[in-house]
Each structure stands twice: as structure tokens, then as C-alpha cells.
Amino acid sequence: MIIPILNEADIQKRLQERGRADAAASSYKAMYSSWLGGITRDPQYMFVPVDDHLVHRGDGVFEAIKFIKGQIYALTPHLERLHRSAGLIALEIPLDSERLTQTILQTIRASGLKTGMIRLYVSRGPGGFTTNPYDSLGSQLYIVITEFKPYAPNKYANGVKCGLSAIPVKEGFWANAKTCNYLPNVMMKKEAVDRGLDFTISLDESGFLAESSTENFALVNSRSELLIPSFTRTLRGITITRVMKLAEQLMQNGILKAVSERSLAQKEIANASEMFMIGTTLDVLPVVEFEGQKIGTGKPGPVARNLSEMIANDLKSGSDQTLSLLGDQ
Ligand SMILES: Cc1ncc(COP(=O)(O)O)c(C=O)c1O
């Protein structure tokens with residue numbers, strides 16, 4: 001077998017022939033690349049150089065942010081977390097905050113979408129194949145705008161099934177840096193799919209519950225307390241942080257008695273009246289089963305319903321949680 005050596009024209013031709021007509025690629029609407037210095041709308045050119053340390057070492061940080069009907073949800077806290085994560089691995093974000101926001105807005109506009117996902121990556125950048133970050137020519141920014149694929153409505157109506165993860169939990173330092181080194185998270189998603197579950201939740205060495213692949217979780221106990229696992233071993237999710245704030249309103253009308261973040265033992269799930277997964281793509285998703293055991297009545301409960309409504313209102317309201325795209329058209 002002779003493998004051809006391709007020139008530029010051959011590569012162009014092969015890319016054209018191959019196309020990217022698969023369902024996933026057809027949902028990628030625009031990509032900004034600081035390496036190319038521009039935006040492409042063609043998924044077949046949405047590339048990252050193979051020697052970018054993001055590719056061969058997972059050396060980079062990322063965020064996934066949604067925009068709904070022309071409003072970017074919680075852009076500021078997402079960008080603050082991006083800066084925090086980058087700081088933890090001494091990675092320079094190549095644009096200042098103002099230019100970063102403008103670049104995000106222009107890439108969204110180029111996508112033509114009013115509702116979608118912003119997938120933002122800051123990489124160590126191209127330069128050699130070592131682990132040495134100083135070999136890089138400079139950090140890069142890649143922003144991909146994709147369609148937003150929400151969870152199926154029946155998952156919200158009926159609730160989802162969870163189990164306990166066998167994947168070792170991350171050290172606190174790594175759990176709190178949203179880096180592109182996400183192999184434990186990948187393996188958690190794989191085990192959930194392999195076991196026919198929607199999610200698994202990891203456990204630390206002391207038997208305390210942590211988080212799921214890309215979601216936080218919370219439960220309501222028999223004393224109507226909303227309990228959130230301490231963020232020492234989990235990523236401080238933007239959505240759960242907002243949920244904790246919104247939940248204070250449920251304390252005023254007596255639906256909840258307390259909201260607290262603390263170490264949560266596995267056995268506390270057995271007495272929970274409600275449980276839910278929380279994150280950017282799913283908002284508040286009720287859990288009705290954990291390791292085959294029913295949670296509460298086995299049906300989504302009132303706290304999940306209330307919190308879902310509050311997040312939905314937050315998304316619509318154009319409050320300080322959102323940035324409108326409309327003013328910048
Ligand atoms: C490990 C992990 N935990 C929790 C979350 C939920 O965070 P957020 O609400 O900011 O999406 C994410 C989000 O991607 C995550 O990757």
C-alpha cells in the first residue's frame with residue numbers, strides 16, 4: 001500500500017470530498033480561531049493544530065455557555081471561572097476581557113443562531129510535542145458556536161436514573177480547574193452509558209459524594225433542607241451557584257427550610273425526598289432512582305419543579321445573569 005504525500009490542492013480536494021455532513025458537524029455553525037485570526041462557518045475547517053498542547057496534553061481550559069433567544073446566560077460568571085481556571089495552570093488568555101466578549105459576540109453573530117452553545121477553549125498553543133509549556137508559541141483561543149440540544153422533555157417529566165461511579169474522584173485542585181484534561185469525566189460518562197444510566201456520581205476517599213461527569217447534583221432531605229456537596233472536590237458550577245441563590249425564595253414560602261453546602265454521605269441519598277442534576281445544558285433535571293432505589297415517591301417533586309421554573313424565568317428575564325445579543329446586532 002502506497003500512502004500518497006498530499007499537496008495543498010490535494011488536501012483541499014479531499015476535505016471537499018469528505019465533507020462533514022454528519023449530524024454532529026451540521027450543528028457546528030461558526031468557529032473563531034486566534035491561530036487563523038478569523039471565523040469560519042465551514043465545519044471541515046474547524047481545526048486545531050496537532051502540536052497545540054491542547055491536543056497532545058490536554059493543556060488548556062474551557063467553558064460551555066448557552067444563549068437562548070438572543071440572551072447569553074451568565075456570561076460574566078463563566079468568564080470569571082475561565083480566568084480562574086487559566087490562572088490555576090498559569091495560562092495566559094490571549095485577549096483582554098473586552099476583546100474576548102466582542103469576539104464571542106461576533107462569532108455568535110456569524111453563526112446566525114439566536115439559541116445555541118458557546119464552546120470556548122483557551123489552549124497552551126502550538127509548538128513541539130513536549131509537556132513543556134514554554135515550548136509553545138503562545139496561547140490560543142478557539143470559540144465554537146453550536147446548536148443547543150436540550151435534554152428530551154420526557155427526562156424532565158419522568159426523571160432520570162443515576163448510579164455510583166467507580167472512577168476515582170479528582171483532587172480538589174483539579175476538580176476546581178475546568179481544564180481540557182477531562183479523562184475521569186469521560187470515563188464517568190462511559191460507565192453511565194454502559195450501565196444504561198443517565199449519570200453516575202463519584203465518591204471521595206472519605207465516602208462523601210462529589211459530582212457527575214459534567215454536572216453537579218443536589219438533594220432535598222426529609223427536613224426539607226436543600227443539600228449541596230461541598231465544593232472541595234467538585235467544580236463550583238455556575239448553574240448550581242445560581243440555584244442556591246434562587247432557592248432562598250423557596251425558604252421564604254416554606255417549601256424549603258434551609259439551603260446548605262456541606263459534606264454529603266452516600267447514605268443520605270436513601271432518605272432524600274428529591275434529588276436533581278444541575279448544569280448548563282440541563283438546568284435542573286430530577287433524579288428518580290439511585291442505584292436501583294427510588295428517590296422519594298419515584299417521581300419528580302415540587303422543589304425540582306420550582307427551581308426549574310425559576311431558572312427558566314432567569315433565562316428569559318434579561319437580568320444581570322444575561323447579556324443580550326440584540327443590542328449589539
Ligand atoms: C465537572 C463539572 N461539574 C459541574 C459542571 C456544571 O457546571 P455549570 O453549571 O457551570 O455548567 C460542569 C460543567 O461543565 C462540569 O464540567
Side-chain angles (χ1 to χ4, degrees), residues 58 60-68 72-86 88-89 104 116-122 143-144 146 148-151 160 162 164-165 167-192 198-204 208-219 226-247 259 261 264 275-287 304 307-308 310-312 314-315 321-323:
V61 296
F62 76 106
E63 280 295 326
I65 310 163
K66 69 176 175 247
F67 56 102
I68 307 285
I72 308 180
Y73 189 61
L75 181 64
T76 304
H78 275 286
L79 294 184
E80 282 169 2
R81 188 172 63 187
L82 182 80
H83 279 90
R84 249 191 337 270
S85 300
L88 285 170
I89 63 164
I104 292 169
M117 290 294 296
I118 305 161
R119 299 183 181 279
L120 203 158
Y121 304 89
V122 179
I143 303 169
V144 187
T146 69
F148 173 52
K149 305 237 163 83
Y151 269 65
V160 296
C162 281
L164 197 65
S165 177
I167 307 300
V169 74
K170 286 187 206 174
E171 282 298 330
F173 179 86
W174 295 113
N176 273 291
K178 199 163 162 64
T179 75
C180 298
N181 193 334
Y182 246 40
L183 271 182
N185 311 61
V186 168
M187 297 314 290
M188 285 179 77
K189 191 73 220 177
K190 181 179 183 307
E191 71 180 352
D198 296 284
F199 303 95
T200 58
I201 292 174
S202 53
L203 204 59
D204 74 17
F208 295 124
L209 295 157
E211 63 184 341
S212 186
S213 169
T214 54
E215 298 78 19
N216 295 109
F217 86 94
L219 54 80
L226 180 69
L227 302 178
I228 291 101
S230 131
F231 292 115
T232 48
R233 301 299 287 270
T234 67
L235 185 76
R236 190 179 285 274
I238 306 300
T239 322
I240 203 163
T241 304
R242 187 65 185 155
V243 161
M244 288 165 77
K245 182 91 194 121
L246 293 170
V259 177
E261 176 211 331
L264 213 63
M275 180 169 169
F276 14 83
M277 308 307 296
I278 299 173
T280 292
T281 41
L282 44 81
D283 293 332
V284 176
L285 182 60
V287 177
L307 291 174
S308 291
M310 287 164 130
I311 287 277
D314 222 27
L315 282 164
Q321 278 291 298
T322 63
L323 175 78

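Each ligand, and each atom within it, is numbered from 1 in the order the structure gives.
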Lys/Arg N to Asp/Glu carboxylate O, Glu63 vs Lys178, below 4.0 Å: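 Salt bridge: no.
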So, applying side-chain hydrogen bond (donor to acceptor under 3.5 Å, both in side chains) with Lys66, which one of Thr280, Thr281, Asp283 is it?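 Per the side-chain hydrogen bond (donor to acceptor under 3.5 Å, both in side chains) rule, the option paired with Lys66 is Asp283, out of Thr280, Thr281, Asp283.
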Is the ring pair Phe62/Tyr121 parallel, tilted or perpendicular, if the boundaries are 30 and 60 degrees?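 The rings of Phe62 and Tyr121 lie parallel, inter-plane angle below 30°.
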Sort out for me which residue in Ile228, Ile201, Thr234, Thr239 forms a side-chain contact (heavy atoms from CB on, under 4.5 Å) with Asn216.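 So the option named by the test is Thr234.
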Any residue meeting side-chain hydrogen bond (donor to acceptor under 3.5 Å, both in side chains) with Ser202, in chain and number order, not counting sequence neighbours: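 Scan of Ser202 (side-chain hydrogen bond (donor to acceptor under 3.5 Å, both in side chains), adjacent residues dropped) gives none.
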Answer whether the closest heavy-atom distance between the side chains of Leu75 and Ile104 falls below 4.5 Å.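 Sidechains of Ile104 and Leu75: in contact.
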Which protein residues have a heavy atom under 4.0 Å from ligand 1?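 Shell around ligand 1 (4.0 Å, heavy atoms): His78, Arg81, Lys178, Tyr182, Asn185, Glu211, Ser213, Thr214, Glu215, Asn216, Leu235, Gly237, Ile238, Thr239, Gly279, Thr280.
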